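Okay, so here's the structure we're looking at.
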Protein chains: 2
Amino acid sequence: MNQTAAALDDDVIELGEMAGSLGFLLRIAQVQVFDEFYAALSVHGMKPGEFTVLWVIHLNPGLRQGTIARALHIKPAHMTKLVARLADAGYISRIIPTDDRRSVRLMLTSTGKAFVRKNRDDLINFHKAERSRLDDDEFEQFAALLRKFTGIAEARP
Amino acid sequence: MNQTAAALDDDVIELGEMAGSLGFLLRIAQVQVFDEFYAALSVHGMKPGEFTVLWVIHLNPGLRQGTIARALHIKPAHMTKLVARLADAGYISRIIPTDDRRSVRLMLTSTGKAFVRKNRDDLINFHKAERSRLDDDEFEQFAALLRKFTGIAEARP
DNA sequence: GGGAAATAGTTTCCACGTAAACTAATTTTT
DNA sequence: AAAAATTAGTTTACGTGGAAACTATTTCCC
């Protein structure tokens, strides 16, 4: 048990300035939240990105898939596959408008609507569970700083 | 140019409760920081994870690679490849101690030491660049909340 | 109006990271 | 002390997401 040198002192790691690096801290935080998401919601066989897209379509029916991709920082190539998965699963329908047949507009199917309605609470509860080490005030402050940092507007009430 | 319906109003997206989701906000924030990292440091052909590992070895010479992997939430399989890349590049050396020949302890080579010394400032400057939309107070508050959220201790002065 | 440029999405191919199975070394059990 | 269990790291096989090239459609401009 007693180590011979400081260099061999496992489990205690000096991070130095790294502990002030947002990139590093954000990555760790995201991994943790991701794990929580899977623990809470993967029952439905859905991944975070897919759920997010479904949610955005729910709130913004008829939007172009490219617009959604840009807003969520999903690359077009990936968006194509993600949309295909959601369409194959029967949650969304791809609509090609006649006035611009290059674009694809997305709508929830009735199955998709039912899914969102049914799992809305799981989503909300998941958000609450995320708070883990923070109290309510800290949580709100944290979310506000994240929104400011990312330049994302707060939800309109 | 004038859209016909609200549903077609591209570029304005309603996120609803999603704007309060840490998972969502963390992902966006991380993507942004990641992009900044590449813009600032990819000249050296090094990725964020690699740079972080190099930095941790610099501060904790002789640590086991598994210990570092756990601390940085890097999976063992990935750590093997990452360490191989850094070793191939000549930045670190893998040392198999005689008292436990299963383990691998990592040290910086002189090349690695020189690299860290030379790029330390880029790293620090990068951290400053990260602050973009936040002032100094907000930045510190943000980092503190991230540390609390992730359970990571602040750097010892 | 017809070719050039721009735009939307898709396809192909590749890199990164992971889970699962595996090898090697060490410790525990009996 | 041999067998079983544990631990450290590696290898293999695969899935996800991304860059670049491609197709289809629309807009620009001469």
Side-chain angles (χ1 to χ4, degrees), chain A residues 1 3 8 10-11 23 27-28 30-32 34-35 37-39 42 45-53 57 62-89 92-106, chain B residues 1-3 8 10-11 27-28 30-32 34-35 37-39 42 45-53 57 62-89 92-106:
Chain A
M1 193 105 306
Q3 302 287 346
L8 302 178
D10 284 356
D11 299 332
R27 175 164 170 279
I28 303 291
Q30 208 211 343
V31 168
Q32 291 181 3
F34 218 75
D35 287 350
F37 180 94
Y38 272 116
S42 69
M46 190 159 283
K47 278 165 283 183
E50 292 167 358
F51 202 104
T52 305
V53 168
I57 297 173
L63 224 50
R64 290 184 179 193
Q65 83 173 43
T67 307
I68 297 178
R70 265 191 307 280
L72 303 182
H73 290 252
I74 296 171
K75 292 292 182 307
H78 179 38
M79 189 66 177
T80 296
K81 296 178 204 173
L82 200 159
V83 164
R85 283 202 295 273
L86 289 176
D88 286 352
I92 64 175
S93 57
R94 300 159 28 95
I95 296 163
I96 313 254
T98 45
D99 65 316
D100 184 349
R101 295 166 14 79
R102 294 169 304 178
S103 63
V104 177
R105 297 197 177 266
L106 303 175
Chain B
M1 199 99 305
N2 36 49
Q3 303 289 344
L8 302 178
D10 285 354
D11 299 331
R27 174 162 171 284
I28 303 291
Q30 209 212 342
V31 169
Q32 291 182 2
F34 218 76
D35 286 351
F37 179 96
Y38 274 116
S42 70
M46 189 160 283
K47 278 165 283 185
E50 293 168 357
F51 203 105
T52 306
V53 168
I57 297 172
L63 224 52
R64 289 185 179 193
Q65 83 171 45
T67 307
I68 297 178
R70 267 192 305 281
L72 302 182
H73 290 253
I74 296 171
K75 294 289 184 308
H78 179 38
M79 190 64 177
T80 296
K81 293 181 202 174
L82 199 159
V83 164
R85 282 201 297 272
L86 290 177
D88 286 352
I92 65 175
S93 57
R94 301 161 26 95
I95 296 164
I96 314 255
T98 46
D99 65 316
D100 185 347
R101 293 164 17 77
R102 293 170 306 180
S103 62
V104 177
R105 297 197 177 266
L106 303 175

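Naming convention: chains lettered A, B, ... in sequence-line order (proteins, then strands); numbering from 1 in each chain. What's counted below: heavy atoms across the whole structure, side chains too, no hydrogens, waters or symmetry copies. Given the structure is predicted, the values throughout are model-derived calculations rather than measurements.
If you measure from atom CD1 of B/Ile68 to atom P of D/dA8, you get 14 Å, rounded to the nearest angstrom. Atom CE of B/Met79 and atom P of D/dA8 are 14 Å apart (whole Å). Straight-line distance from the CD atom of B/Glu50 to the P atom of C/dA15: 14 Å, rounded to whole Å. Atom CD of A/Gln65 and atom P of C/dA8 are 11 Å apart (whole Å). We find that CG of A/Asp99 is positioned 13 Å from P of C/dA8, with the value rounded to whole Å. Taking atom CZ of residue A/Phe34 and atom C1' of nucleotide D/dG15, one finds them 13 Å apart after rounding to whole Å.
The 5' end of DNA chain D is approached more closely, in terms of each residue's nearest nucleotide, by B/Val104 than by the other of B/Val104 and A/Leu82.
Qualifying side chain to side chain donor-acceptor pair (under 3.5 Å) partners for A/Glu50, counting only residues two or more places apart in sequence or in other chains: A/Arg85. Among residues two or more places apart in sequence or in another chain, the side chain to side chain donor-acceptor pair (under 3.5 Å) test is passed with B/Arg94 by none. Applying the salt bridge (Lys or Arg N to Asp or Glu O under 4.0 Å) rule to B/Arg101 yields no partners; only residues at least two apart in sequence or on another chain are considered. For B/Gln32, there are no side chain to side chain donor-acceptor pair (under 3.5 Å) partners at least two apart in sequence or on another chain. Partners of A/Asp100 according to the salt bridge (Lys or Arg N to Asp or Glu O under 4.0 Å) rule, which considers only residues two or more places apart in sequence or in another chain, are A/Arg64, A/Arg102.
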Close N or O pairs between protein and nucleotides 18-22 of chain D (under 3.5 Å):
residue : atom : partner : partner atom : Å
D/dG18  : O6   : A/Lys81 : NZ           : 2.8

Report, one pair per line, the protein and nucleotides 23-25 of chain C atoms (nitrogen or oxygen only) whose separation is under 3.5 Å.
residue : atom : partner  : partner atom : Å
C/dA25  : OP1  : B/Arg101 : NH2          : 2.9

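Heavy-atom minimum distance, B/Arg105 versus B/Pro97: NE-CG, 4.1 Å.
For C/dG9, neither phosphate oxygen OP1 nor OP2 lies less than 4.0 angstrom from any side-chain nitrogen or oxygen of A/Arg105. Note on A/Arg94: a side-chain N or O is less than 4.0 Å away from OP1 or OP2 of C/dT10.
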For a quick test of your reading: what N or O donor-acceptor pairs under 3.5 Å do the side chains of residues 73-82 of chain B make, sequence neighbours left out?
residue : atom : partner : partner atom : Å
B/Thr80 : OG1  : B/Pro76 : O            : 3.3

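The side chain to side chain contact (heavy atoms under 4.5 Å, CB included) with A/Leu106 is formed by just one residue from the set A/Ile95, A/Leu86, A/Ile68; it is A/Ile68.
Two residues are said to be in side-chain contact when any heavy atoms from C-beta on lie closer than 4.5 Å; B/Ile57 and B/Ile92 meet this criterion.
As judged by a 4.0 angstrom heavy-atom cut-off over every strand, A/Thr80 is placed among the base-contacting residues.
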